[in-house]
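Small disclaimer: the values here were computed from a predicted structure and weren't measured. All residue numbers in this chain count up from 1 along the given sequence. Hydrogens, waters and symmetry mates are skipped; everything else that's a heavy atom, side chains included, is used.
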Amino acid sequence: MKTKVLVTGAKGQLGSEIRKIAGSFPEIDYDFTDVDELDITDPWKVADYLATHKPQFLVNCAAYTAVDKAETDIETATLLNATAVGILAEQSADIGCKMIHVSTDYVFNGRGPRPYKEDDRVDPKSVYGSTKLEGEVLCQKCNPESIIIRTSWLYSAFGNNFVKTMVRLGGEKTELGVIADQIG
């Protein structure tokens with residue numbers, strides 16, 4: 001019997017990459033969803049979808065990832081990065097589904113002298129980081145057996161990201177300014 005895995009946010013960078021490699025894992029029955037198939041902000045729709053499809057694992061790749069825009073679009077960032085995560089965690093726990101939630105290093109303050117460890121003190125300095133931390137808290141509270149993966153500098157062949165931006169700018173300009181506000 002195949003392991004059933006639900007992937008939310010399947011049209012984003014990470015979800016698209018998982019879909020791309022899914023064929024290499026024939027023992028897994030993937031169910032890829034995005035907002036068109038499943039509104040993760042609606043607890044009733046999530047409950048119904050999970051009850052119908054009965055995944056054993058839920059990999060949440062859905063998120064509001066426009067870091068700078070989150071500063072002014074607080075409501076949407078909170079809805080997707082916190083509220084929806086709590087809904088997914090609660091509803092997956094109700095059916096005994098393990099949840100894997102992808103978060104970010106923005107839950108830290110960015111001033112650490114070394115790479116962060118998972119038990120370092122969190123101290124987000126942006127709306128994006130705060131909403132992602134709120135999602136982590138809800139995830140652990142509502143589905144204590146969940147796994148949270150904090151990542152940084154996500155890039156892929158899909159969507160917009162730092163690497164693609166630098167390649168594009170390198171083709172358009174003869175010189176690029178120094179990026180001094182981020183370390184990766």
Side-chain angles (χ1 to χ4, degrees), residues 5-18 33-35 38-43 46 50 55 57-94 96-156 158-163 165-166 178-184:
V5 176
L6 170 63
V7 179
T8 60
K11 292 180 182 170
Q13 285 188 74
L14 183 57
S16 294
E17 287 292 341
I18 293 173
T33 65
D34 210 279
V35 68
L38 176 60
D39 178 359
I40 63 172
T41 67
D42 184 325
V46 172
L50 294 178
F57 294 91
L58 186 159
V59 181
N60 182 36
C61 300
Y64 185 98
T65 58
V67 176
D68 294 335
K69 190 176 175 190
E71 295 302 312
T72 56
D73 193 6
I74 299 167
E75 185 177 331
T76 308
T78 302
L79 181 63
L80 292 172
N81 292 342
T83 306
V85 175
I87 291 167
L88 291 170
E90 183 175 11
Q91 299 302 329
S92 62
D94 283 352
C97 175
K98 306 275 191 238
M99 182 166 163
I100 301 168
H101 174 62
V102 181
S103 190
T104 179
D105 63 339
Y106 276 77
V107 300
F108 301 111
N109 64 23
R111 296 188 186 104
R114 58 168 172 70
Y116 290 105
K117 296 178 183 175
E118 52 275 349
D119 59 351
D120 282 344
R121 186 174 78 82
V122 292
D123 183 27
K125 296 299 181 190
S126 66
V127 169
Y128 173 72
S130 296
T131 62
K132 292 296 282 184
L133 178 58
E134 187 179 344
E136 288 185 11
V137 170
L138 288 168
C139 186
Q140 290 177 322
K141 177 184 172 195
C142 298
N143 192 338
E145 292 190 39
S146 60
I147 296 170
I148 296 170
I149 299 171
R150 291 179 178 148
T151 188
S152 63
W153 292 81
L154 186 65
Y155 59 92
S156 80
F158 305 96
N160 296 316
N161 58 65
F162 179 78
V163 173
T165 299
M166 292 298 103
V178 176
I179 297 171
D181 68 338
Q182 296 185 28
I183 297 172

**OP:** With side-chain contact (heavy atoms from CB on, under 4.5 Å) as the test, would you mind laying out the steps for Leu50 and Leu6 before giving the verdict?
**Re:** CA-CA 9 Å; Leu50 294 178; Leu6 170 63; 3.6 Å; yes
**OP:** For side-chain contact (heavy atoms from CB on, under 4.5 Å), just list the numbers for Thr41 and Thr83, CA-CA rounded to whole Å, side-chain angles, deciding distance to a tenth of an Å, and then say yes or no.
**Re:** CA-CA 7 Å; Thr41 67; Thr83 306; over 6 Å; no
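- Annotation: the span from Leu58 atom CG to Asn143 atom CG amounts to 9.0 Å, rounded to 0.5 Å.
- In Glu145, the CD atom is not crowded: 12 or fewer heavy atoms of neighbouring residues, nucleotides or ligands sit closer than 6.0 Å.
- Atoms CD and SG, from Gln91 and Cys142 in turn, are 9.5 Å apart once rounded to the nearest 0.5 Å.
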Original post:
Under the side-chain contact (heavy atoms from CB on, under 4.5 Å) criterion, do Ser146 and His101 qualify, and how do the steps go?
Top reply: CA-CA 7 Å; Ser146 60; His101 174 62; 6.0 Å; no
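- The closest donor-acceptor contact from the side chain of Glu71 to the backbone of Val127 lies under 3.5 Å.
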Subject >> Residue pair Lys98, Ile147: steps toward the side-chain contact (heavy atoms from CB on, under 4.5 Å) verdict >> reply: CA-CA 8 Å; Lys98 306 275 191 238; Ile147 296 170; over 6 Å; no
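- For Ala70 against Ala77, the heavy-atom pair with the smallest separation is CB-CB, 4.0 Å.
- Note that the OG atom of Ser152 and the OH atom of Tyr106 stand 9.0 Å from one another [nearest 0.5 Å].
- With hydrogens and angles disregarded, a donor-acceptor distance shorter than 3.5 Å links the side chain of Thr72 to the backbone of Lys69.
- Taking OG from Ser126 and CG from Asn109, the interatomic distance works out to 11.0 Å, rounded to the nearest 0.5 Å.
- Between the CG atom in Asp34 and the CG atom in Asp39 there is a gap of 11.0 Å [rounded to 0.5 Å].
- Take Phe108 and apply the side chain to side chain contact (heavy atoms under 4.5 Å, CB included) test, not counting sequence neighbours, and it matches Asp105, Tyr116, Asp120, Val122, Arg150.
- A distance-only check finds a donor-acceptor pair linking the side chain of Lys132 to the backbone of Val102 [under 3.5 Å].
- Contact check for Met99 versus Val85: side-chain heavy atoms found under the 4.5 Å cut-off.
- When each of Val137, Ile148, Thr131, Leu133 is tested with Val107 by the rule side-chain contact (heavy atoms from CB on, under 4.5 Å), just one qualifies, namely Leu133.
- Rounding to the nearest 0.5 angstrom, the gap separating the CG atom in Leu80 from the OG1 atom in Thr8 is 10.5 Å.
- Not a single donor-acceptor pair under 3.5 Å links the side chain of Asn81 to the backbone N or O of Ala63.
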